[in-house]
There are 2 protein chains.
Amino acid sequence: MKNNVTMRDIAMKLGVSSVTVSKALGDKEGVSDELKAKIKQVAAEMNYRYNTAAKSMKEGLSYNIGVIIPERFTGLAQSFYLRIYQHISSLLDSYGYYGILNILNSEDEEQLNLPRIYSEKKVDGIIVIGQISKEYIEVIENMDLPKIFTDFYDEHADIDSVITDNFYGSYEITNYLIRNGHRDIAYVGNLHSTSSIQDRFLGYYKSLLEHDIPLNNNYIINDRDKRGKYIDIEIPTPLPSAFVCNCDQVAYLLTDKLKSMGYNVPADCSVVGFDNDIYATLTSPSLTTVEVDIEQMATTSVNSIMQKVTQPNKRFGRVLVQGKIVYRDSVRSLNENHGDKVQSIVV
Amino acid sequence: MKNNVTMRDIAMKLGVSSVTVSKALGDKEGVSDELKAKIKQVAAEMNYRYNTAAKSMKEGLSYNIGVIIPERFTGLAQSFYLRIYQHISSLLDSYGYYGILNILNSEDEEQLNLPRIYSEKKVDGIIVIGQISKEYIEVIENMDLPKIFTDFYDEHADIDSVITDNFYGSYEITNYLIRNGHRDIAYVGNLHSTSSIQDRFLGYYKSLLEHDIPLNNNYIINDRDKRGKYIDIEIPTPLPSAFVCNCDQVAYLLTDKLKSMGYNVPADCSVVGFDNDIYATLTSPSLTTVEVDIEQMATTSVNSIMQKVTQPNKRFGRVLVQGKIVYRDSVRSLNENHGDKVQSIVV
DNA sequence: CTGAAAGCGCTTACAG
DNA sequence: CTGAAAGCGCTTACAG
């Protein structure tokens, strides 16, 4: 780097000391306004650029936050985590921080390799987005750094995580179906696949319980195998009047399947999703679904990690981010007279 | 940072100098194998972590590459650039580098604000993904750093850019349609919106020229307004036998429109796209399209920037990344007897 | 094979 | 209001 202007260069040019330059550029006390202005001007003229590395070394801070995302969550149709990262990166900026993305490949996850961002002291804290193996959680936990888990959690009490309120969102949207006269409601999702799917199921179940609707095992429908790969969805007979899907993509696949079998959505049966991602509007009819608040997840994650950087002993526990129902065209009301907004739907 | 083990600590523990520790951990010459092993062992025991900041300061390198993406290219349906960034980030790892994402918001772009990654010497080079304003290109050009433009270019001769071979890809896929007997072929895209759309149009036009098919102005169909917002696509009469769309999403919208008008794709007319993104398989029938090689774009961008970091005077010019045609179900062959793979399509 | 010295560019007390 | 000194943690000549 030839063109390397330092504070010392500015100082020499003006016949002052580099301490004075440091104070002036940092807007500290102890320099006359006049001199301060002069120094700033000369700095600009000389195209001076502040050297963060020196500051980092002095203060023992990197001003970076590492964001770890397991590779398997970064497929073509999965931009959700990348999108959270994008917001995190922007939010960090207002703290004077930067986000360093670390895609965790399965090999490193399996062999429990420490991320380089950690072993090279590249970051002051870590945000992990997306479920990782128990063993790797352990690895992360042992790292001598503040950390936040986003969109998943672990039973360990002392881990802070930011998660969507899957349980409540699913509970609410099932309530909505029931308010609209549905009682034969199926749930679509592999209950043993992820904690999100499980929690969403439990919200659905709670709604059934509260309305004295018995849980029908034939109405719990698998959507994916152990590896998370989607399988053909089996439509139960008799046909339920509504399906609560664990995510929009599955709602999309289900709707396709129903249509191919000659059913009309929502005339013959209603379908709701979760996430409000691209599939929600791609599905025809467009999906009534629970919107996951990506920005809020990012905001909460960033605020939490930044607090932990300055106060390492701070604890947050499991922080829930509320979703909200987005009403579209995939639900039919079975009530005779109703004042609900679904009344516009042709029955 | 309480638990701050340095080389000096290891050195004291072993009664050697920190120089020796540095050599041992860095696998340099001049330390006996025995001592080297001992030092490494103690370092591990003490949970020593290398301090990159010190190295950075010594060498004047940050070991970061900044990746700038304009905010307007990061919408819900646009994960393309984020995805390139993801690959860039992974590829950088093999160079011992990290990628720092910088979403450029429109305000900073308009006011020509320098990115903080630059003014704080946070990065050794910059990759800009996605068209930015002329004025901001100027700002970037004046930065005293190696830079690469990805997925767009500027007329300035001295700027290195990595772009998809839009022209050739579009030329090839139009040739493919013509080989399959099509002669009434429309192009869908706003010619004045982006250089990609324009170049894709020119590839289409070249194919027509080579086959002595006159360009029909009614067959150049607008798809978006000045701001890039999609508009309703007007279907020309008589109906062309095929549509070359400037991207998959537009092919998706067009196909929907055609179906709503009662046309059958590809029986009544064929449709091809560009990108091979999520819309290609979401469209029914799935699209024959030109796949943009995201990984290769990322690889070329990373290799180029890394070379420029060590050799600042290196120039690459406009580097084209070849796409490849992905054959699916949206094209019908109009030939009587043909040995092409499209013959399996029911006519 | 091993280590004392100097320096990377900044900032924080502290002294004047 | 201004500046000399020391130090952040490492590495690169250089000397032994």
Side-chain angles (χ1 to χ4, degrees), chain A residues 1-40 42-43 46-64 96 118-124 144, chain B residues 1-40 42-43 46-64 96 118-124 144:
Chain A
M1 305 281 110
K2 60 265 130 93
N3 177 19
N4 199 15
V5 183
T6 70
M7 288 187 180
R8 163 175 286 260
D9 297 325
I10 300 171
M12 297 212 304
K13 185 139 191 168
L14 283 167
V16 297
S17 84
S18 60
V19 175
T20 303
V21 174
S22 171
K23 283 173 182 161
L25 295 180
D27 271 324
K28 300 272 164 63
E29 298 277 280
V31 194
S32 66
D33 288 349
E34 198 184 355
L35 182 55
K36 193 180 276 187
K38 186 72 192 157
I39 287 173
K40 285 187 177 177
V42 173
M46 296 175 78
N47 288 317
Y48 170 74
R49 289 192 285 145
Y50 184 82
N51 189 328
T52 324
K55 188 186 186 191
S56 283
M57 207 173 66
K58 260 246 125 203
E59 308 193 355
L61 287 171
S62 66
Y63 297 98
N64 297 140
Y118 178 69
S119 51
E120 295 183 355
K121 284 198 185 168
K122 256 291 191 181
V123 299
D124 303 335
D144 179 29
Chain B
M1 304 279 109
K2 60 263 131 96
N3 176 20
N4 198 14
V5 183
T6 70
M7 287 188 181
R8 162 175 287 259
D9 297 324
I10 300 171
M12 297 211 304
K13 186 140 190 170
L14 283 167
V16 297
S17 84
S18 60
V19 176
T20 303
V21 174
S22 170
K23 284 174 183 160
L25 295 181
D27 271 325
K28 299 273 164 64
E29 298 278 282
V31 194
S32 66
D33 287 350
E34 198 184 356
L35 182 54
K36 192 180 276 188
K38 187 71 191 160
I39 287 173
K40 284 186 178 180
V42 173
M46 296 175 79
N47 289 317
Y48 169 75
R49 288 193 285 146
Y50 183 82
N51 188 327
T52 323
K55 189 186 185 191
S56 283
M57 207 173 67
K58 259 246 124 205
E59 309 194 354
L61 288 171
S62 65
Y63 297 97
N64 296 142
Y118 178 69
S119 50
E120 293 183 357
K121 283 197 186 170
K122 257 290 189 179
V123 298
D124 303 335
D144 180 29

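Residue numbers start from 1 in every chain, and the chains themselves are labelled A, B, ... in the order their sequence lines are given, proteins ahead of strands.
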Minimum side-chain heavy-atom gap Y50(A)-K121(B) below 4.5 Å: no
Atom pairs under 3.5 Å: protein N/O with N/O of nucleotides 6-8 of chain D:
unit_1: dG7(D); atom_1: N2; unit_2: K58(A); atom_2: NZ; d: 3.4

Nearest-angstrom distance from the residue atom OH of Y50(B) to C1' of dC10(D): 6 Å
4.5 Å side-chain heavy-atom contact, Y118(B) and V123(B): no
Residues in side chain to side chain donor-acceptor pair (under 3.5 Å) contact with T52(A), at least two apart in sequence or another chain: none
Between P of dT2(D) and NZ of K38(A), the distance in whole Å: 14 Å
Whole angstrom value for the distance that separates P of dG3(D) from CE of M7(A): 14 Å
Whole-Å distance separating the CD atom of E59(A) from the P atom of dG9(C): 18 Å
Distance, rounded to the nearest Å, where R8(A) contributes CZ and dA5(D) contributes C1': 13 Å
Test side-chain contact (heavy atoms from CB on, under 4.5 Å) applied to K38(A) - qualifying residues, sequence neighbours left out: L14(A), Q41(A), V42(A)
Whole-Å distance separating the CD atom of E34(A) from the P atom of dC1(D): 12 Å
Would you give me the side-chain donor-acceptor pairs under 3.5 Å for residues 17-26 of chain B, sequence neighbours excluded?
unit_1: S17(B); atom_1: OG; unit_2: V19(B); atom_2: N; d: 3.2
unit_1: S17(B); atom_1: OG; unit_2: T20(B); atom_2: N; d: 3.3
unit_1: S17(B); atom_1: OG; unit_2: T20(B); atom_2: OG1; d: 3.4

Residues in contact with DNA chain C, drawn from residues 16-30 of chain B - heavy-atom cutoff 4.0 Å: V16(B), S17(B), V19(B), T20(B), K23(B), G30(B)
If you look only at distance, which donor and acceptor atoms sit under 3.5 Å apart when one is on a side chain in residues 30-37 of chain A and the other is two or more places apart or in another chain?
unit_1: S32(A); atom_1: OG; unit_2: L35(A); atom_2: N; d: 3.2
unit_1: K36(A); atom_1: NZ; unit_2: K28(A); atom_2: O; d: 3.4

Y63(A): partners by ring-ring contact (aromatic ring centres under 6.0 Å, His included), with sequence neighbours left out: Y97(A)
By salt bridge (charged side-chain N to carboxylate O under 4.0 Å, His left out) - contacts of K40(A) (at least two apart): D27(A)
Distance, rounded to the nearest Å, where Y63(B) contributes OH and dC10(D) contributes P: 14 Å
Listed once per pair and sorted, the salt bridge (Lys or Arg N to Asp or Glu O under 4.0 Å) pairs that draw on residues 4-19 of chain A, sequence neighbours left out: none
Straight-line distance of N4(B) CG to D144(A) CG, nearest 0.5 Å: 9.0 Å
For N64(B), side chain to side chain donor-acceptor pair (under 3.5 Å) partners two or more places apart: K122(A)
Pair pattern of DNA chain D in dot-bracket, where unpaired bases get dots and | marks partners in another strand, Watson-Crick or G-U under 3.5 angstrom: |||.||||||||.|||
Distance, rounded to the nearest Å, where L14(A) contributes CG and dC1(D) contributes P: 17 Å
